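This report refers to the structure that appears directly beneath it.
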Amino acid sequence: MRYSLALILLLFVSSVFGQDKSPQNKLVQFSGIITDADSNIVVPYVTITNVSNKQQKYAANYQGFFSFVANPGDTVMFSAVGFTSKTLVLPKTITDNRYTAMVQIKSEIVYLKTVRVNPWATVEEFNKDFLSLKVADDDMAIAKKNLSRQSINGMKLTLPRDGGEIANSNYRYNFDRMMNVNMRQTNPLLNPFAWGKLMQEIFNGDKARNSDQ
């Protein structure tokens with residue numbers, strides 16, 4: 001009986017070690033880059049699912065690079081929005097502890113059905129909105145409104161002056177100021193010396209007329 005149990009235990013241990021050396025229990029570092037099959041441009045953030053390992057999920061980075069541990073013979077699926085899913089089976093005869101692959105996925109074209117949007121639920125609502133519709137003014141009506149006296153007066157109060165108007169205003173102001181200064185300087189009625197000279201001329205004229213008589 002003892003010999004039988006020892007023999008069974010020996011066979012069990014041998015089978016366990018034999019399973020550990022099988023390819024199914026071997027681990028490899030599976031790495032690669034995912035690109036578009038049409039343009040060879042990297043596809044970022046692709047979801048990678050190891051179907052053989054309890055649907056374990058991984059993700060590629062923004063450069064399309066991925067790396068995770070898998071077993072030889074595992075079935076791996078690559079999926080991304082806008083691309084057709086692709087399934088890859090790792091070879092069972094991998095001798096190294098690393099395995100790399102260039103994965104190419106094809107873009108998927110999705111044709112959507114035509115959708116017609118109606119803003120009115122019923123014909124009655126359309127008729128009601130159509131009858132209450134306010135027709136926009138034509139170009140002639142808009143021009144008349146813009147050229148009306150009320151509109152022009154409002155623009156005078158609100159619109160700023162341009163460079164030409166400011167230059168003309170400054171020119172008129174300086175010209176009027178110069179003319180006022182010249183008139184004050186040359187007007188004899190505002191000069192007391194001119195008044196004295198005028199009175200002296202009048203007095204001398206009267207004196208000359210009296211001497212002639």
Side-chain angles (χ1 to χ4, degrees), residues 3-139 141-142 146:
Y3 294 106
S4 300
L5 292 176
L7 181 61
I8 293 173
L9 182 61
L10 180 62
L11 292 175
F12 177 75
V13 172
S14 300
S15 62
V16 170
F17 281 102
Q19 290 180 358
D20 289 340
K21 295 180 181 180
S22 63
Q24 295 294 332
N25 294 327
K26 181 180 179 181
L27 298 178
V28 295
Q29 189 71 29
F30 180 35
S31 305
I33 297 177
I34 307 170
T35 60
D36 189 347
D38 298 327
S39 60
N40 290 329
I41 299 176
V42 296
V43 181
Y45 307 116
V46 176
T47 301
I48 306 169
T49 305
N50 192 341
V51 181
S52 302
N53 187 15
K54 300 179 182 180
Q55 301 291 327
Q56 184 68 37
K57 295 184 181 298
Y58 307 92
N61 62 5
Y62 70 98
Q63 294 179 338
F65 175 78
F66 67 91
S67 180
F68 60 93
V69 176
N71 297 110
D74 284 355
T75 301
V76 182
M77 184 176 63
F78 302 85
S79 59
V81 177
F83 292 87
T84 304
S85 299
K86 182 175 182 178
T87 302
L88 178 66
V89 179
L90 274 68
K92 295 183 179 180
T93 59
I94 299 176
T95 58
D96 198 0
N97 58 354
R98 291 176 296 177
Y99 181 75
T100 58
M102 295 291 294
V103 182
Q104 291 185 333
I105 56 179
K106 194 172 183 60
S107 59
E108 183 179 15
I109 301 175
V110 179
Y111 295 97
L112 300 177
K113 295 182 179 179
T114 304
V115 178
R116 184 177 180 182
V117 180
N118 295 320
W120 298 280
T122 60
V123 179
E124 289 77 10
E125 292 183 2
F126 170 76
N127 294 333
K128 181 180 178 181
D129 292 342
F130 181 77
L131 294 176
S132 60
L133 182 65
K134 293 182 180 180
V135 182
D137 297 332
D138 56 2
D139 295 339
I142 294 174
N146 293 334

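The shown structure was predicted, so the numbers you read here are calculated from the model rather than taken from an experiment. In what follows, every heavy atom counts, from backbone to side chain, and hydrogens, waters and symmetry copies are set aside.
- Looking at heavy atoms from C-beta onward, Ile48 lies out of side-chain contact with Val103 at the 4.5 angstrom threshold.
- Residues Ser107 and Asp38 have side chains in contact (heavy-atom distance under 4.5 Å, counting atoms from C-beta outward).
- A 4.5 Å side-chain heavy-atom check between Phe83 and Ile34 finds every atom pair outside the cut-off.
- In this structure, Tyr99 and Pro91 have side chains that are in contact, with non-hydrogen atoms separated by less than 4.5 Å.
- By the neighbour-count criterion of 12 heavy atoms within 6.0 Å, atom CG of Asp96 is densely surrounded, having more than that number from other residues, nucleotides or ligands.
- The aromatic rings of Phe126 and Phe130 lie parallel to each other, their planes meeting at an angle below 30°, with 60° marking the opposite boundary.
- A donor-acceptor pair is defined here as one N or O able to donate and one able to accept, closer than 3.5 Å; such a pair exists between the side chain of Ser52 and the backbone of Thr75.
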For a side chain to side chain contact (heavy atoms under 4.5 Å, CB included) check, start with the C-alpha distance between Leu27 and Asn71, then their side-chain angles and the critical distance, and finish with the verdict.
CA-CA 5 Å; Leu27 298 178; Asn71 297 110; 3.1 Å; yes
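- Of the possible polar contacts, one joining the Lys26 side chain to the Thr95 backbone as a donor-acceptor pair under 3.5 Å is found.
- In this structure a side-chain-to-backbone donor-acceptor pair under 3.5 Å is missing from Asn97 to Val28.
- Among all heavy-atom pairs drawn from Gly73 and Val89, the shortest one is O-CG1, 4.0 Å.
- In this structure, the separation between CD on Gln55 and OG1 on Thr49 is 6.5 Å, given to the nearest 0.5 Å.
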Take Phe68 and Asn53 through the side chain to side chain contact (heavy atoms under 4.5 Å, CB included) test and state the conclusion after the steps.
CA-CA 12 Å; Phe68 60 93; Asn53 187 15; over 6 Å; no
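- In this structure, the side chain to side chain contact (heavy atoms under 4.5 Å, CB included) partners of Gln29, at least two apart in sequence or on a different chain, are Ser31, Ser67, Val69, Arg98.
- Taking CZ of Phe66 as the start and OG1 of Thr100 as the end, the distance is 9.0 Å to the nearest 0.5 Å.
- More than 12 heavy atoms of other shown residues, nucleotides or ligands fall within 6.0 angstrom of atom CG in Leu131.
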Donor-acceptor pairs under 3.5 Å, side chain of residues 39-47 to any protein atom, not counting sequence neighbours: which ones?
{"unit_1": "Ser39", "atom_1": "OG", "unit_2": "Asp36", "atom_2": "OD2", "d": "3.4"}
{"unit_1": "Asn40", "atom_1": "OD1", "unit_2": "Gln104", "atom_2": "NE2", "d": "3.2"}

